[in-house]
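Heads up, the thing below is written out as structure tokens.
Just so we're on the same page: letters track the sequence lines, and every chain starts at 1. Not measured: the values here are computed from a predicted model.
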Amino acid sequence: MTGDSLSQPDLPQVSLSLFSHGLDLDATLTSGQSFSWRRGMDGRWRGWIEGRPCLVWSQGDALRAVGPGLTSAAVTTYFGLELPIREIFSSFPNDPWLDKARTFAPGLRILRQEPWETLCNFICSSLKQIVQIKQINHELRQVFGDAIDESLHSFPDASRLALATEARLRDCRLGFRARHLFVASQQIASSEISLERIAGLSTSEAREELMRVQGVGEKVANCILLFAYGRPEVFPIDVWVERVLRRLYFHDNPRVKHEKLRDFAESHFGPYRGYAQQFLFHWIRHDSKALIPEKKAAASRPRKKSSAPKPAQKAG
DNA sequence: ACCCAGGACTGAT
DNA sequence: ATCAGTCATGGG
């Protein structure tokens, strides 16, 4: 079980120290975009960058990373350290809710992950909690991945999962998602759909192509575009984000349709609305005071600022 | 026991 | 084109 089937060539250990630009690892790695990082007792995170195992942690203003074959370019791209975060923030609208969300975790960033694993993670995300998606990711690695050591396994590629059976996938707690993941693996392994080609398409074309994959609808496609293909303008609306939009932005219109929420987000949150979405998502899931019951919310809703987000005047 | 979870697919209108 | 029903499973 050790040694002969290692997928990792024997690369030299690399230790990096990069300027973190305010990156908050804890917020970023617990914000429901990646599912393979685990925090050790020492607060350091063990996970994967470009298919290689590594250890990352914050040290003052530095982001430290250690792992075999690691490059500063890989770490920089993965954590989005090259992106103009000040410009992203200044592009946000004047919006008290978004301000609260951003203040709650200003170091939250959007990762640029591998498309295949991200595709699998979000196919498995349907009606699953984040802790369960992490469990499924771990299970898929243990059962189908290559062993780096006893408890560390790479994520299986599409051709590997395509050789499995739906029943064996189902054993990884996948439930009804087993068929989706199985068919998706075959679609990718057979090159019926090319994840590499999608990188060169426009966002709308890429979304259309991703939705040809079994188990990928609009929301999952948007998550893949945002968290793997670096498209900051997509705004995934899951049950939590929909809840925020309804309660905080459309309080006066309880029957507003999903389509209207999508159109509002497109026009309201600016060109980096994917980041706005992620701040809102992380805020409502981790701040117990973010979403309070409706009647109290109405009482404590900010009123002073006249430039508050328009709560969708009159559903047209 | 009950409700919910980073939804997608299907078949009936 | 919209719309309810259905799909497994585990956490709280």
Side-chain angles (χ1 to χ4, degrees), chain A residues 27-37 101 105 108-111 113 115 117-140 143 165-188 193 207-229 231-232 234-248 255-263 265 269 273-288 290-291 293 315:
Chain A
T28 300
L29 298 179
T30 62
S31 65
Q33 48 180 323
S34 70
F35 304 92
S36 57
W37 290 91
L108 175 61
R109 299 291 182 269
I110 288 180
L111 302 171
Q113 305 173 76
E117 183 177 349
T118 306
L119 172 67
C120 294
N121 283 337
F122 282 96
I123 283 177
C124 299
S125 75
S126 296
L127 287 180
K128 277 295 184 190
Q129 298 179 145
I130 288 173
V131 287
Q132 297 173 329
I133 303 169
K134 288 181 181 175
Q135 187 61 43
I136 290 171
N137 180 282
H138 185 254
E139 198 91 17
L140 289 173
V143 175
T165 65
E166 185 180 329
R168 286 183 62 197
L169 289 174
R170 193 174 292 266
D171 290 339
C172 298
R173 314 178 182 204
L174 279 170
F176 62 84
R177 306 156 197 83
R179 174 177 297 278
H180 292 160
L181 187 59
F182 185 55
V183 175
S185 300
Q186 296 177 337
Q187 287 177 287
I188 302 304
I193 296 169
R207 179 185 296 111
E208 198 173 335
E209 189 71 3
L210 284 169
M211 289 175 67
R212 293 177 55 211
V213 179
Q214 188 71 224
V216 179
E218 181 181 339
K219 188 268 170 182
V220 166
N222 281 340
C223 285
I224 300 166
L225 288 169
L226 181 60
F227 302 137
Y229 285 104
R231 311 297 173 104
V234 305
F235 192 96
I237 301 179
D238 75 314
V239 292
W240 287 95
V241 173
E242 176 138 355
R243 193 172 294 155
V244 156
L245 294 177
R246 287 183 181 280
R247 290 199 193 175
L248 302 184
R255 296 299 168 191
V256 60
K257 286 184 174 291
H258 176 86
E259 305 287 341
K260 179 119 186 174
L261 297 177
R262 183 164 57 77
D263 293 345
F269 290 104
R273 49 193 175 275
Y275 282 80
Q277 175 277 154
Q278 196 64 10
F279 281 108
L280 290 170
F281 177 80
H282 186 253
W283 172 52
I284 59 173
R285 288 193 66 256
H286 289 88
D287 185 353
S288 59
L291 274 187

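Phosphate contact (OP1/OP2 of dC4(B), side-chain N/O of Arg285(A), threshold under 4.0 Å): absent. Under 4.0 angstrom from either OP1 or OP2 of dC3(C) there lies at least one side-chain N or O belonging to Lys257(A).
For Glu166(A), the CD atom sits in a packed shell: over 12 heavy atoms of surrounding residues, nucleotides or ligands are nearer than 6.0 Å. Crowding of Arg179(A) atom CZ: a count of heavy atoms from other residues, nucleotides or ligands under 6.0 Å not exceeding 12.
One N or O on the side chain of Gln113(A) and one on the backbone of Gln33(A) form a donor-acceptor pair closer than 3.5 Å. Using modelled atom types, no side-chain atom of Thr118(A) and backbone atom of Ala228(A) make a donor-acceptor pair closer than 3.5 Å. Side-chain atoms of Arg285(A) do not come within 3.5 Å of backbone N or O of His282(A) as any donor-acceptor pair. In terms of modelled atom types and a separation under 3.5 Å, the side chain of Gln132(A) and the main chain of Gln129(A) share a donor-acceptor contact.
Distance Met211(A) CE to dA8(B) C1': 9 Å, rounded to the nearest Å. A straight line from CD1 of Ile136(A) to P of dA5(B) spans 16 Å, rounded to a whole angstrom. Between the P atom of dG6(B) and the CG atom of Asp238(A) lies a distance of 7 Å, rounded to the nearest Å. For Arg243(A) and dG6(B), the CZ to P distance is 9 Å, given to the nearest whole Å. The nearest whole Å value for the distance from the CZ atom in Phe227(A) to the P atom in dG6(B) is 12 Å. Atom pair Arg179(A):CZ and dC9(B):P shows a separation of 13 Å (rounding to whole Å applied). Between Arg173(A) atom CZ and dC7(C) atom P there is a gap of 22 Å when expressed in whole angstrom units. Atom CG in Asn222(A) sits about 13 Å away from atom C1' in dG7(B), given to the nearest Å.
The aromatic rings of Phe35(A) and Phe122(A) sit perpendicular, their planes meeting at an angle over 60°, well past the 30° parallel limit.
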Report task. Let me see the working for Gln278(A) and Ser31(A) under side chain to side chain donor-acceptor pair (under 3.5 Å), right down to the final yes or no. Result -> CA-CA 8 Å; Gln278(A) 196 64 10; Ser31(A) 65; 3.2 Å; yes
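For Arg170(A), counting side-chain heavy atoms from C-beta on, the closest listed nucleotide (dC3(C), dG6(B), dA8(C)) is dA8(C).
If His180(A) and Phe281(A) are placed on DNA chain B by their nearest nucleotide, the residue sitting closer to the 5' end is Phe281(A).
Residue contacts shown for Gly217(A) are limited to sugar-phosphate atoms, with no base heavy atom under 4.0 Å away. Within 4.0 Å of Gln278(A), counting heavy atoms only, lies at least one base atom of the nucleic acid.
Between dA1(B) and dG10(C), the distance separating the two P atoms is 16 Å to the nearest Å. Nucleotides dC3(C) and dG6(B) have their C1' atoms positioned 23 Å apart, rounded to a whole Å. Here, dG11(C) and dA8(B) have their C1' atoms 22 Å apart, quoted to the whole Å.
Taken residue by residue, residues 125-135 of chain A places heavy atoms nearer than 4.0 Å to DNA chain B at Ser125(A), Ser126(A), Leu127(A), Lys128(A), Gln129(A), Ile130(A).
Stacking is not found between Phe122(A) and the pyrimidine-like six-membered ring of the dG6(B) base under the 5.5 Å centre-distance and 30° plane-angle cut-offs.
One cannot find a donor-acceptor pair under 3.5 Å joining the base of dG6(B) and the side-chain atoms of Glu242(A).
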